[in-house]
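Letters A, B, ... are given to chains in the order of the sequence lines, protein chains preceding strands, and every chain is numbered from 1. Computed from a predicted model, the values in this text were never measured in an experiment.
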Amino acid sequence: MVQASSDARDKRFVEDLIDQDDDFDRWYVDVVKGAELADDAPVRGCKVVRPYGYALWENMQASLDRRFKATGVQNAYFPMLIPRSMLEREADHVEGFAPEVAWVTKGGGSELEEPLAIRPTSEAIICTMYAKWVQSYRDLPLLINQWCSVLRWEDRPRAFLRTSEFLWQEGHTCHASAEEATARALQMLEVYRDFVETELAIPVVPGVKSESEKFAGAHRTYTIEAMMGGKRWALQSGTSHDLGDNFGRAFGITFLDSDGQRKHAFSTSWGLSARTIGAIVMVHGDDQGLKLPPRVAPIQVVVVPIWRKEAERDAVEPFVASVLSSLGDNVRVHVDRRDDKTPGFKFNDWELRGVPLRIEVGPRDVQNQQVVVVRRDTREKHIVGVSHLAEVVADLLNQIQRDLYETARTKLHTYTEDVSSLERLYERAFTNAGFSRASWCEDAACEARVKAESRATIRCLPLEQPQEHGLCVVCGRPASVTAIFARAY
RNA sequence: CGGGGAGUAGCGCAGCCCGGUUAGCGCGCCGCGUUCGGGACGCGGAGGUCGGAGGUUCAAAUCCUCUCUCCCCGACCA
């Protein structure tokens, strides 16, 4: 018996994934590699995003980009290199990023007069340019986004979640009033919430960061926090900063207002990174591998043709063609024609890669003018006649998208608990129980104590706050807010 | 940057303690054939400066010193 189970385990390690419950971190690494989303690069902390992972990112980009543009934002591109003096203009900003900045000190073989930072984020260079472009209130608001990568020296890299170089977008806006900047920061947070929930099927908690967790140099930082599967840690999945006039003052972005007064501009910045791919993996994945939300899946439907003899092949091939034409152009389909792999292998392979729907087309199906459609998320099989295949596939894709979201939402609620004692808060932190909602007096000392003693941090102060706050879960004094505590990636 | 673990074929490992023929095994890869509705099988093949440098020795994957890298756990972060 013992022998048998150890054999089974050895076999599984070769052919299969480790179960999520056995080692969630290893499961994550194996899925990212196995599904060919990313691979290790020669430089520590850097990863190669492989075509399948990049296709996913491109779909995410397209959908976010559309949303940005709908709010009047335009794309542009700013340089990767930032002179040291520029980076140092906003005091909190430098201090916050100093430990993770990489510097270029040589160029063309000779030492540079002034070291150039490889952007860890682009406020410094963009605000410098904004100072040149903004003269009048008529030049505002300025609404620009850029798609790029940034570099932050990291000691503990994890594919997508924390790499030294990572892909993202950063939006930077400039406004004539504080109110308008605040409204824009909140507007973009809502764009992120809508994108992540609608496209990625990941429910989030929108909120405000505590003082100690906010962006270096920001007046306020807004965030959407998602709960990962497995250890139920939090992942910040998008942030939007109301920078007040901090950067306007530091970079001299001034304008003549309609009242004849020269004023400093107010600004915002907001970013969402390819880290969110990690969230897709961890929120939806199961022991079989990835489950991609149909709306962003590079391949929505994979067709696996099946035959034994040449005669069957001759019958199946044309039938596959008719299946493809009946599916039409509105769905992303791939036909797996590999002839050195068995159907069973392919089933597992595409499940690992998270393709939402599989269509099996074999001799029996040709006979009956039908196909077998299998859902990745539930493994439910449907026998479908070709005549209404397109309709059924479209419905199933929508259904999968909804079900992924609902399943994740149920988990988020199930593993979020209101706690009123420090003991309970710590117990939940130590047992990976999920999010804990608790009252807080807003004293940084209380926040720091929880972090030191339990590793849990305040992920956010949810935008939706209860009427009353009771007593601070840490010190017992009257509380002013309700906070979400959790361990975070 | 602290604490632990590991570097041997593309991947996963054995061999090291106790130095000694041509460094093995599984998966993967290449060729041929049989297969194909839940991870197929047979036969034949290719693939290694044993992470790197130095040392000990007649002889080093194996012993010693230094070094680099990766993974896990902590401090810092999208």
Look at the side-chain N and O atoms of A/Arg455 and state whether any lies under 4.0 Å from the OP1 or OP2 oxygen of B/C76. no
Please name the nucleotide paired to B/A14 by Watson-Crick or G-U wobble geometry with both distances under 3.5 Å, or report none. none
Flag if over 12 foreign heavy atoms under 6.0 Å of CD, A/Gln369: yes
Would you tabulate the nitrogen or oxygen pairs shorter than 3.5 Å linking the protein to nucleotides 67-71 of chain B?
residue: B/C70; atom: OP2; partner: A/Arg44; partner atom: NH1; Å: 3.0

Is it true that A/Asp286 and A/Lys291 have a side-chain N and a carboxylate O under 4.0 angstrom from each other? yes
Using both distances under 3.5 Å as the test, list the Watson-Crick or G-U wobble partner of B/U34, or none. B/A40
Testing A/Thr223, A/Asn246, A/Thr268, A/Thr221 for side-chain hydrogen bond (donor to acceptor under 3.5 Å, both in side chains) with A/His241, which one passes? A/Thr221
With heavy atoms under 4.0 Å as the rule, sort A/Thr239 into base, sugar-phosphate or nothing. nothing
Paired with B/A9 by Watson-Crick or G-U wobble geometry, both distances under 3.5 Å: which nucleotide is it? none
Inspect the contact between A/Arg338 and A/Asp340 and indicate whether a charged nitrogen and a carboxylate oxygen are less than 4.0 angstrom apart. no
Checking base pairs now: Watson-Crick or wobble, both atom distances under 3.5 Å. What partners B/G47? none
Side chain of A/Glu317, backbone of A/Arg313: donor and acceptor closer than 3.5 Å? no
Taking only Lys NZ, Arg NE, NH1 and NH2, and the carboxylate oxygens of Asp or Glu, determine whether A/Arg428 and A/Glu423 approach each other closer than 4.0 Å. no
Rounding to an integer number of angstrom, what distance separates B/C11 and B/U49 when you compare their P atoms? 12 Å
Watson-Crick or G-U wobble partner of B/A61, both distances under 3.5 Å: none
So which one's nearest nucleotide on RNA chain B is more toward 5', A/Arg364 or A/Ser164? A/Arg364
Restricting to ring-ring contact (aromatic ring centres under 6.0 Å, His included), what partner residues turn up for A/Phe319, sequence neighbours left out? none
Could you pull out the protein-nucleic contacts involving nucleotides 30-33 of chain B (nitrogen or oxygen on both sides, under 3.5 Å)?
none

Base, sugar-phosphate, or nothing: which does A/Lys309 touch, judged by heavy atoms less than 4.0 Å apart? nothing
Partner of B/C76 under the Watson-Crick or G-U wobble criteria, both distances under 3.5 Å, comes out as none
N or O in side chain of A/Lys341 less than 4.0 angstrom from B/C29 OP1/OP2: yes
Pick base, sugar-phosphate or nothing for A/Thr163, based on heavy-atom distances below 4.0 Å to the nucleic acid. base
Answer yes when A/Glu351 and A/Arg358 have at least one side-chain N-carboxylate O distance shorter than 4.0 Å, and no when they do not. yes
